[in-house]
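Sequential numbering from 1 along the given sequence is applied to the chain's residues.
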Amino acid sequence: MSTESVTLPDLSSPYDVPAAKITEFRVNGHVMLPAVASPEEIAAWGPFIEDLAYAHADERPLDYAGMVTQVQNLWCQDDRMRAYSLGERFGRIAADLLGVDAVRIYHDQAVFKEAAGAPTPFHQDGYYFPLDGHQALTMWMPLVPVTDEMGGSMTFASGSQRLGYLGNYEISDETEAVLLEVAEREGLPMETHGAMSPGDTTWHNGWTLHRAPANDTDQLRAVMTVIFYADGLVGTEPQHEWHSKDYAKWLP
């Protein structure tokens, strides 16, 4: 599909987040919100994002071998993509969940689990963010049906965000066991939101431990993510190379 002629729906209309869902997010560190993008909206945006991501795949700065293909900062690659990643609907949900007046985008990221893609180990997104505080979160929106056969949606260690920084654990197979042991020692339940439709979303705090299952099908599990942080959150001195890289890429 050519991305030149596609008409893309506006994403500024509001989405009413129930109070119970806000509480669930703040207690568990994650929540599922259905149909944040309508079937009509995601039918247009999904193929556009997939095509745009693969058009810039050679520029991707990170690709976990055998796990997932990531293409970052698409909102900087195409003016039309800005309307998605900077969509007022998404930003207002993020602010409501965090309990702040406004948020800023950290970056966006297409996350494509290829057919037969391996699992993504337990990790904390916040390890990579040189930001002071707990007020950062990720929106995870499938562009295609995420079926049980694909492994469903991500698995979260509920309440793990309250532990904050858990150490110098860059995502890897080795840290899967270490972080799982932390969650088990703390008695944190493992929860998943199961199968999801295109346009559904999960939202998780930057410190929430999470992992993604393998894709055991012959179909692509295409997901788009946007990371937000509270307006006014300050940066920290770099503690490792990823902090320095993030400053260079997203906070120059």
Below 4.5 Å, heavy atoms only, C-beta onward: do E181 and V178 meet side chain to side chain?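 Result no, sub-4.5 Å side-chain heavy-atom pair not found.
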
Least distance between heavy atoms, H243 atom then Y127 atom: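 Looks like NE2-O, 3.3 Å.
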
All heavy atoms of M32 vs all of K21, minimum pair found to be O-NZ, 3.2 Å

Trace of the side chain to side chain donor-acceptor pair (under 3.5 Å) decision for T217 with E149: CA-CA 7 Å; T217 73; E149 290 74 23; over 6 Å; no

D246 and Y106 side chains, donor-acceptor separation under 3.5 Å: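 Looking only at side-chain atoms, D246 and Y106 do form a donor-acceptor pair, the distance falling under 3.5 Å.
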
Using the rule that two of Ile, Leu, Val, Met, Phe, Trp, Tyr join whenever any of their side-chain heavy atoms come within less than 4.5 Å, decide whether V182 and M154 are in one cluster.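 Different clusters: V182 never reaches M154 through Ile, Leu, Val, Met, Phe, Trp or Tyr contacts under 4.5 Å.
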
Hey, mind stepping through D108 and Y84 against side chain to side chain donor-acceptor pair (under 3.5 Å) and telling me if it holds? CA-CA 10 Å; D108 66 16; Y84 178 93; over 6 Å; no

Within this structure, what is the CG-CZ distance for the pair L86 and R104, rounded to the nearest 0.5 Å?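 It comes to 11.5 Å.
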
Under a 4.5 Å cut-off applied to non-hydrogen side-chain atoms, are F129 and T236 in contact?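 F129 vs T236: side chains apart.
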
Output, in order, the C-alpha distance, side-chain angles, deciding distance and verdict of side chain to side chain donor-acceptor pair (under 3.5 Å) for D125 and H210. CA-CA 9 Å; D125 293 345; H210 61 287; 3.3 Å; yes

Going from CH2 on W45 to CD on E50, what distance comes out if it is rounded to the nearest 0.5 angstrom? 15.0 Å

Is a side-chain N or O of D200 found less than 3.5 angstrom from the main chain of A35, in a donor-acceptor match? yes

Check the hydrophobic clustering (I, L, V, M, F, W, Y; side-chain heavy atoms under 4.5 Å; chains of links allowed) and say if Y169 and L188 are grouped together.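 Same cluster: Y169 reaches L188 through Ile, Leu, Val, Met, Phe, Trp or Tyr contacts under 4.5 Å.
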
Any chance you could lay out the side chain to side chain contact (heavy atoms under 4.5 Å, CB included) test for Y229 and L137, step after step, and finish with the verdict? CA-CA 6 Å; Y229 65 95; L137 82 173; over 6 Å; no

If I take atom CH2 from residue W140 and atom OG1 from residue T202, how far apart are they, to the nearest 0.5 angstrom? 5.5 Å

Answer yes or no: is there a side-chain heavy-atom contact under 4.5 Å between Y165 and W207?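 Side-chain contact under 4.5 Å: yes.
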
Would you check if T120 and R211 make a side-chain contact, meaning some heavy-atom pair closer than 4.5 Å?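 Result no, sub-4.5 Å side-chain heavy-atom pair not found.
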
Count the heavy atoms belonging to other residues, nucleotides or ligands that lie under 6.0 Å from CD of E237, then report whether that count exceeds 12. no

With a 6.0 Å cut-off on ring centres, are F112 and Y54 close enough? yes

Closest contact, heavy atoms only, A183 versus A157: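 Taking A183 first and A157 second, the nearest heavy atoms are CB-CB, 4.1 Å.
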
When you measure from the side chain of S153 to the backbone N and O of A195, does any donor-acceptor pair fall under 3.5 Å?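 Absent.
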
Nearest 0.5 Å please: distance from the CZ atom of R26 over to the CD atom of Q161. 11.5 Å

dist F228:CZ -> S85:OG (nearest 0.5 Å) comes out at 7.5 Å

Closest contact, heavy atoms only, L251 versus P130: CD1-CG, 4.5 Å

Is the backbone N or O of S13 less than 3.5 Å from a side-chain atom of R89, with the two atoms forming a donor-acceptor pair by type? yes

Let me see the working for W250 and Q72 under side chain to side chain contact (heavy atoms under 4.5 Å, CB included), right down to the final yes or no. CA-CA 10 Å; W250 298 309; Q72 299 162 327; 3.8 Å; yes

When you measure from the side chain of N215 to the backbone N and O of E114, does any donor-acceptor pair fall under 3.5 Å? yes

Check the hydrophobic clustering (I, L, V, M, F, W, Y; side-chain heavy atoms under 4.5 Å; chains of links allowed) and say if L11 and L97 are grouped together. yes

So do M139 and I93 actually touch side chain to side chain, heavy atoms under 4.5 Å?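 No. Closest side-chain heavy atoms not under 4.5 Å.
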
Between T175 and S172 (side chain of the first, backbone of the second, donor and acceptor by atom type, cut-off under 3.5 Å), is there such a pair? yes

Are side-chain heavy atoms of L33 and V17 found at a separation under 4.5 Å? yes

Regarding R162 and E186, does a basic nitrogen lie under 4.0 Å from an acidic carboxylate oxygen? no

Below 4.5 Å, heavy atoms only, C-beta onward: do P198 and P145 meet side chain to side chain? yes

Do the side chains of L131 and L166 join up, straight or via other hydrophobic residues, at under 4.5 Å, putting them in one cluster?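 Different clusters: L131 never reaches L166 through Ile, Leu, Val, Met, Phe, Trp or Tyr contacts under 4.5 Å.
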
Should the ring pair H240 and Y128 be called parallel, tilted or perpendicular, given that the plane angle runs from 0 to 90° and is split at 30 and 60? perpendicular

Can you check whether L74's main-chain N or O pairs, donor with acceptor, with Q77's side chain at less than 3.5 Å?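 Pair absent, no side-chain N/O of Q77 close to backbone of L74.
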
Does T201 reach the main-chain N or O of M141 with its side chain, forming a donor-acceptor pair under 3.5 Å? no

Test item: S160 side-chain N/O and L209 main-chain N/O as donor-acceptor pair under 3.5 Å: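 A pair under 3.5 Å: yes.
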
Step by step, work out the side chain to side chain donor-acceptor pair (under 3.5 Å) result for K113 and T69. CA-CA 6 Å; K113 184 79 73 172; T69 298; over 6 Å; no

Is there a side chain to side chain contact (heavy atoms under 4.5 Å, CB included) between I49 and L143? Walk through the geometry before answering. CA-CA 8 Å; I49 293 172; L143 308 178; 3.7 Å; yes

Are F48 and V36 connected in a single hydrophobic cluster, I mean Ile/Leu/Val/Met/Phe/Trp/Tyr linked by side-chain heavy atoms less than 4.5 Å apart?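 Shared cluster, yes.
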
If you take all heavy atoms of P121 and D173, which pair is closest and at what distance? CG-OD1, 3.6 Å

Can you measure from CD1 (I227) to CD1 (I105) and round to the nearest 0.5 angstrom? 9.0 Å

Side-chain (T147) to main-chain (M150) donor-acceptor, under 3.5 angstrom: yes

Any chance the rings of W203 and F25 have centres within less than 6.0 Å?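 No; F25 has its ring centre 6.0 Å or more from that of W203.
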
Which atom of G29 lies closest to which atom of T208, heavy atoms considered: O-OG1, 2.9 Å

Yes or no on side chain to side chain contact (heavy atoms under 4.5 Å, CB included) for V103 and L98, after CA distance, side-chain angles and deciding distance? CA-CA 9 Å; V103 293; L98 291 174; 4.1 Å; yes

Carboxylate-amine/guanidinium proximity below 4.0 Å for R92 and E88: no

Do L233 and V100 have side chains that approach each other closer than 4.5 Å (heavy atoms only, starting at C-beta)? no

Whether E170 side chain and N168 backbone form a donor-acceptor pair below 3.5 Å: no

Check the orientation of H193 and H30. Use parallel for under 30°, tilted for 30 to 60°, and perpendicular for over 60°.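 Rings of H193 and H30: perpendicular, over 60°.
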
Could you tell me whether H204 and F156 have their ring centroids closer than 6.0 angstrom?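 Here the rings of F156 and H204 have centres that are less than 6.0 Å from each other.
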
